Colleague: 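After the structure tokens below, expect a handful of questions from me.
Heavy atoms only: backbone and side chains are in, while hydrogens, waters and symmetry mates are out. Lettering of chains follows the sequences in order, A, B, ..., and the numbering in each one begins at 1. Worth saying up front: this structure is predicted, and the values here are computed from it rather than measured.
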Protein chains: 2
Amino acid sequence: MDKQLATTLFESLASGIRLDIFRLLVKQAPTGLVAGEISTALALPPTNVSFHLKAMTYASLINVTQEGRYQRYRANLTVMQSLIDYLTAECCAGNPEFCFDNEKVTACCDSNSLLLSTDSH
Amino acid sequence: MDKQLATTLFESLASGIRLDIFRLLVKQAPTGLVAGEISTALALPPTNVSFHLKAMTYASLINVTQEGRYQRYRANLTVMQSLIDYLTAECCAGNPEFCFDNEKVTACCDSNSLLLSTDSH
DNA sequence: CCAATATTTCAAGAATTATTGTATAGTTAA
DNA sequence: TTAACTATACAATAATTCTTGAAATATTGG
């Protein structure tokens, strides 16, 4: 997870519509939804949804697969986990005592040491 | 953590400059830095840094305290932790098996149950 | 008070992003 | 093949965000 990717992912999440789309797709994992279903569920014009889906796909926040005439979108939960790891590393980095309550820091850092593999921590 | 706050925070992190500022302040926690130090460290015009600092402060991603003629900025690690919790809840929500590797899911969900207090999970 | 310093506000323009209707491309089923 | 359907591409406009220099505000030290 480099800065460029992190920035792009945050950009992808920094819109009410895109956040709605992502949360909808997480709820529908692993099946996902086709574009029309997303458009209907959020009551938005198909072109607008398509615009945001394209941006989110480019950012790798979601994936798309073709199913005949449908385009099925799924949340990319792997990259989301990487983003959480990145954010956790940013937050904890050298300063766990200011990031977490005392009673929580042990649980957090234990899980971090398991979840973070490559990062220095 | 409601959607509005989450969106605002993602917006705050969705710029290379603001991400640089935040990472710089995390590294300097808990002392923080005054505006001029940030401007110098990142080699950016003071007005531009001020613009971003204002946005980040409004979003509560950072805090500011006055020290004479200086304005000292600090990373708000508490809200960052809330954001990580929110993102974790979004990511895991109902679908831990698609979010984490099998060997990691136990560690993750254990820490989540400790870290998440109000959210249904 | 005055001069120097630190930071923000303001204003203007540049750049980017968002929204929507229309048109196009691709797919399916009869 | 044709008609219906799904989704995206395109184009135009609207809206927002970014960047920067100049001016304004506030504080300190002499």
Side-chain angles (χ1 to χ4, degrees), chain A residues 3-25 28 31-76, chain B residues 3-25 28 31-76:
Chain A
K3 192 181 95 176
Q4 176 57 51
L5 176 56
T7 304
T8 307
L9 289 172
F10 289 134
E11 216 166 44
S12 265
L13 294 166
S15 135
I17 290 179
R18 289 194 295 268
L19 193 53
D20 284 342
I21 291 174
F22 183 73
R23 300 203 301 170
L24 187 61
L25 291 178
Q28 298 300 327
T31 310
L33 291 173
V34 299
E37 291 173 328
I38 298 171
S39 176
T40 301
L42 301 179
L44 291 170
T47 53
N48 193 14
V49 170
S50 183
F51 170 82
H52 289 294
L53 286 174
K54 186 182 174 184
M56 295 169 77
T57 304
Y58 182 74
S60 80
L61 188 62
I62 61 178
N63 300 123
V64 60
T65 55
Q66 185 159 2
E67 285 183 7
R69 76 181 106 176
Y70 300 89
Q71 299 288 322
R72 182 167 296 277
Y73 288 92
R74 293 182 177 84
N76 184 346
Chain B
K3 191 182 96 175
Q4 176 57 51
L5 176 56
T7 303
T8 307
L9 289 172
F10 288 134
E11 216 166 45
S12 265
L13 295 165
S15 134
I17 290 178
R18 288 194 296 268
L19 194 52
D20 283 344
I21 291 173
F22 182 73
R23 300 205 299 171
L24 186 62
L25 290 178
Q28 298 299 328
T31 310
L33 292 172
V34 299
E37 291 173 327
I38 299 171
S39 176
T40 301
L42 301 180
L44 291 170
T47 53
N48 193 13
V49 170
S50 184
F51 170 82
H52 289 295
L53 287 173
K54 186 181 176 185
M56 296 169 77
T57 304
Y58 182 75
S60 79
L61 188 62
I62 61 177
N63 300 123
V64 60
T65 55
Q66 183 158 2
E67 285 183 8
R69 76 182 105 174
Y70 300 88
Q71 299 288 324
R72 181 167 296 276
Y73 289 92
R74 293 182 177 87
N76 183 346

Colleague: Any base atoms under 4.0 Å from A:Arg72, or only sugar-phosphate, or nothing? Heavy atoms, all strands.
Modeller: nothing
Colleague: What nucleic acid atoms does A:Glu67 come within less than 4.0 Å of, heavy atoms only: base, sugar-phosphate, or nothing?
Modeller: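 Result for A:Glu67 = nothing.
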Colleague: Do any side-chain nitrogens or oxygens of B:His52 fall under 4.0 Å of OP1 or OP2 in D:dT17?
Modeller: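 No, B:His52 has no side-chain N/O under 4.0 Å of OP1/OP2 on D:dT17.
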Colleague: Hey, mind stepping through B:Gln4 and B:Thr8 against side-chain hydrogen bond (donor to acceptor under 3.5 Å, both in side chains) and telling me if it holds?
Modeller: CA-CA 6 Å; B:Gln4 176 57 51; B:Thr8 307; 3.1 Å; yes
Colleague: According to a strict under-4.0 Å criterion, is A:Tyr73 in side-chain N/O contact with OP1 or OP2 of D:dT8?
Modeller: yes
Colleague: Rounding to a whole Å, what distance do you find between B:Asn48:CG and D:dC18:C1'?
Modeller: 7 Å
Colleague: Between D:dT19 atom P and B:Leu42 atom CG, what is the distance in whole Å?
Modeller: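 Going from B:Leu42 (CG) to D:dT19 (P), I get 12 Å.
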Colleague: How about B:Leu42 and B:Val49: do any of their side-chain heavy atoms sit closer than 4.5 Å?
Modeller: no
Colleague: Measure NZ/A:Lys54 against P/C:dT17 and give the value in whole Å, please.
Modeller: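 From A:Lys54 NZ to C:dT17 P: 13 Å.
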Colleague: Whole angstrom is fine here: how far is it from CZ in B:Phe51 over to P in D:dG21?
Modeller: 15 Å
Colleague: Do B:Arg18 side-chain atoms and B:Ser12 backbone N/O form a donor-acceptor pair below 3.5 Å?
Modeller: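 Yes; judged by distance alone, with no hydrogens or angles, the pair exists.
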Colleague: Which is more 5' along DNA chain D, the nucleotide nearest A:Val34 or the one nearest B:Ser15? Just name the residue.
Modeller: A:Val34
Colleague: Ignoring the backbone of A:Pro45, work out which of C:dT20, D:dT19, D:dT6 is nearest its side chain.
Modeller: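 Nearest nucleotide to the side chain: C:dT20.
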Colleague: Please compare B:Gln71 and A:Ala55 by the position of their nearest nucleotide in DNA chain C and report the one closer to 5'.
Modeller: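 Taking each residue's closest nucleotide, the earlier one in sequence belongs to B:Gln71.
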Colleague: Calculate the interatomic distance between A:Ile38 atom CD1 and D:dA7 atom C1'; express it in whole Å.
Modeller: 12 Å
Colleague: Would one find a side-chain N or O of A:Arg69 under 4.0 angstrom from OP1 or OP2 of D:dA4?
Modeller: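 For A:Arg69, the contact criterion (side-chain N or O under 4.0 Å from OP1 or OP2 of D:dA4) is not met.
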Colleague: Within this structure, what is the CD-to-P distance between B:Glu11 and C:dA18, rounded to whole angstrom?
Modeller: 9 Å
Colleague: In whole angstrom, give the distance that lies between atom CG of A:Leu53 and atom P of C:dT19.
Modeller: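 Rounding to the nearest Å, CG of A:Leu53 and P of C:dT19 are 13 Å apart.
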Colleague: Check whether any side-chain heavy atom of A:Thr57 sits under 4.5 Å from a side-chain heavy atom of A:Ile62, and report yes or no.
Modeller: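 In short, these two side chains touch, coming nearer than 4.5 Å.
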Colleague: Does OP1 or OP2 of C:dT27 have a side-chain N or O of A:Gln66 closer than 4.0 Å?
Modeller: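 Answer is yes, contact under 4.0 Å.
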Colleague: Without decimals, in angstroms, what is the distance between B:Met56 CE and D:dC18 C1'?
Modeller: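 Distance check: B:Met56 CE to D:dC18 C1' gives 15 Å.
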Colleague: Quick one: does any side-chain atom of A:Ser39 pair with a main-chain N or O of A:Ala35 as donor and acceptor, under 3.5 Å?
Modeller: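 Pair absent, no side-chain N/O of A:Ser39 close to backbone of A:Ala35.
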